[in-house]
Trainee: 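My questions all concern the structure below.
Proteins come first, then strands; the chains are lettered A, B, ... in the order of their sequence lines, and each starts at number 1.
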There are 2 protein chains.
Amino acid sequence: MALSEKAQATREKIIAAAAELFYRNGYHATGLDKVIRRAGVTKGNFYYHFPSKEALAIATLDWQYERFSTEIREQVLSRRGNALEALLNLLNYMAGRQKKQHEEGQILGCYFGNFALELSSVSPAVRDKVNAVFASYAELIEKLLRHARKKGLISESLDPGQLAPVILGQIEGAILLDKARHQPGNFDQSIEFIRNYLESS
Amino acid sequence: MALSEKAQATREKIIAAAAELFYRNGYHATGLDKVIRRAGVTKGNFYYHFPSKEALAIATLDWQYERFSTEIREQVLSRRGNALEALLNLLNYMAGRQKKQHEEGQILGCYFGNFALELSSVSPAVRDKVNAVFASYAELIEKLLRHARKKGLISESLDPGQLAPVILGQIEGAILLDKARHQPGNFDQSIEFIRNYLESS
DNA sequence: ATAACAACCGACCAGTCAGTCTGTCGTATC
DNA sequence: GATACGACAGACTGACTGGTCGGTTGTTAT
């Protein structure tokens, strides 16, 4: 088990390096050699841990999902406030990430959205994984909307089940536009729009 | 000029082949050899017309923009109806394209959105081009909203300049989600949402 | 006829791609 | 001390990458 811990650390080093490079340059534009050099690992070692580059991609998706989920849980959902505030805090938190990236040089977008567009028409495995991630986030939004509705924070006429994917799509689209524009702004505007819609329907 | 016409035809053959392959498999996943084989053209001929693969990508973006713009103009905007109906027709027309793709096998998404996410953090030239395309579409939406507002079809309280990018983002996001889900549906739901919002604000 | 040039041909290049293979090292078990 | 195995090393493969280059064609102007 002592060795297994070291192996686990190696595995994570590879995933972390790959996630960074995939995020920055895209999947196809990132060679395996770059990944293993950055991870400080050899070819043989890589293929001991992963059967293929595609498997690595999926591992990074799982890893990022896990990281991002706990980040949200700790930084956003743990804060006190009602369900509607929690939802808006979540959106603002993500917008803040965008802005931070912009200050650091460039907006890299949504890790899952990037993979969705680059690979989902070419790799079913990646598509399924990305899809599961989106479904999970839509579910979170739906849950918050349901709570908000139950507490009377948003109108009874709003359908959380229908609204949640719309909001998720709005977010992904705003991130895409901000990445293309190389400047944040669409995201904030979308949040403002959603907030206004939810509060005045 | 007779030769120039033939050369122009060759150039367009290359662009058409590349656009199809880039759309289907992505930019990096598409080798130049595949492009020239599909276009029925040789390597030398290709590099006579284009200085690089990146330049080809930009040419396809221009080409697709031109094609799609005239398609919209002829199929959607020429039909009679007020500005609000025109906007909704436009959205429904795009949703119809999605559905057709789905019936043909798989949803390929938005050509510009795909490039935006795969290349805009890596190629400034592509980013600028995609950005110009988005700006143009946002402008079209804004124009329709302004007309609709002037005619009293939508509320005075709605700001076309702010709303247009939000709607564009909503569309791009819905397409992304549909592509990831391998199934249309989000697009229609988004249209329904937008329609409802515009008519009842 | 010939010169000039636009358009095209395809062999070739160095480099990179994902992936394979043989082998080694350290540790744990017997 | 031998055996076994998990973890790693890295040279190597063949296919493919984007891109180059010397040469050929077809047409047009002189």
Trainee: Think A/T42 has a side-chain N or O under 4.0 angstrom from the OP1 or OP2 of D/dG10?
Mentor: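 So the side chain of A/T42 is outside the cut-off, no N or O lying under 4.0 Å from OP1 or OP2 of D/dG10.
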Trainee: Grab the CZ-C1' distance between A/F46 and C/dT20 for me, whole Å please.
Mentor: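 Spelled out: CZ on A/F46 to C1' on C/dT20 is 13 Å.
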Trainee: Going by distance alone, is a donor N or O of one side chain under 3.5 Å from an acceptor N or O of the other, for B/S121 and A/Q106?
Mentor: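 Their side chains do not contain a donor-acceptor pair, so the 3.5 Å distance test is not met.
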Trainee: Between the protein and nucleotides 16-18 of chain C, list the N/O to N/O atom pairs that are separated by less than 3.5 angstrom.
Mentor:
| unit_1 | atom_1 | unit_2 | atom_2 | d |
| --- | --- | --- | --- | --- |
| C/dA18 | OP1 | A/T30 | O | 3.4 |
| C/dA18 | OP1 | A/K53 | NZ | 2.6 |
| C/dA18 | OP2 | A/L32 | N | 2.6 |

Trainee: Does A/H49 make a side-chain N or O approach to OP1 or OP2 of D/dC8 shorter than 4.0 Å?
Mentor: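 Result: yes.
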Trainee: With ring pair (Phe, Tyr, Trp, His ring centres under 6.0 Å) as the criterion, how do A/F68 and A/F112 come out once you've worked through the C-alpha distance, each side chain's angles and the decisive distance to 0.1 Å?
Mentor: CA-CA 11 Å; A/F68 191 55; A/F112 310 106; 7.1 Å; no
Trainee: Taking CD1 from B/I36 and P from D/dT20, how many angstroms apart are they, rounded to a whole number?
Mentor: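 Result: 14 Å.
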Trainee: Taking only the side-chain nitrogens and oxygens of B/T10, find out if one of them lies under 4.0 Å from OP1 or OP2 of C/dA7.
Mentor: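 No, no such contact exists.
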Trainee: In whole Å, I'd like the distance from the CZ atom of B/R37 to the C1' atom of C/dC9.
Mentor: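 Answer to the nearest Å: 16 Å.
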Trainee: Under 4.0 Å between a side-chain N or O of A/Y48 and OP1 or OP2 of D/dA7?
Mentor: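 Yes, because at least one side-chain N or O of A/Y48 sits under 4.0 Å from OP1 or OP2 of D/dA7.
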Trainee: Let's go through B/S78 and B/R73 carefully: what are the C-alpha distance in whole Å and the side-chain angles of both, what is the deciding distance for side chain to side chain contact (heavy atoms under 4.5 Å, CB included) to 0.1 Å, and is it a yes or a no?
Mentor: CA-CA 6 Å; B/S78 67; B/R73 215 178 303 124; over 6 Å; no
Trainee: Calculate the interatomic distance between B/E54 atom CD and D/dG18 atom P; express it in whole Å.
Mentor: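 That distance rounds to 13 Å.
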Trainee: Find the distance A/F50:CZ to D/dC8:P and express it as a whole number of Å.
Mentor: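 Roughly 11 Å, once rounded to whole Å.
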Trainee: Using the rule given for ring pair (Phe, Tyr, Trp, His ring centres under 6.0 Å), can you reason through B/Y65 versus B/Y137, listing the C-alpha separation, both sets of side-chain angles and the distance that settles it, and then say yes or no?
Mentor: CA-CA 10 Å; B/Y65 173 73; B/Y137 288 136; 5.6 Å; yes
Trainee: For the rings on B/F22 and B/Y111, is their centre-to-centre separation under 6.0 Å?
Mentor: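 They do not qualify: ring centres at least 6.0 Å apart.
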Trainee: What is the distance, rounded to the nearest whole Å, between atom CD of B/E5 and atom P of C/dA6?
Mentor: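 In whole Å, C/dA6 P lies 17 Å from B/E5 CD.
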Trainee: For B/Q183 and B/H102, test the side chains for any donor-to-acceptor distance below 3.5 angstrom and give the result as yes or no.
Mentor: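 Per modelled atom types, B/Q183 and B/H102 side chains form no pair under 3.5 Å.
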Trainee: Separation of A/N45 atom CG from C/dT20 atom P, in whole Å?
Mentor: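 Those two atoms, CG and P, are 16 Å apart.
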Trainee: Any side-chain to backbone donor/acceptor pair from A/R79 onto A/Q75? Under 3.5 Å, distance only.
Mentor: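 Checking the backbone N and O of A/Q75 against the side chain of A/R79, a donor-acceptor pair under 3.5 Å is found.
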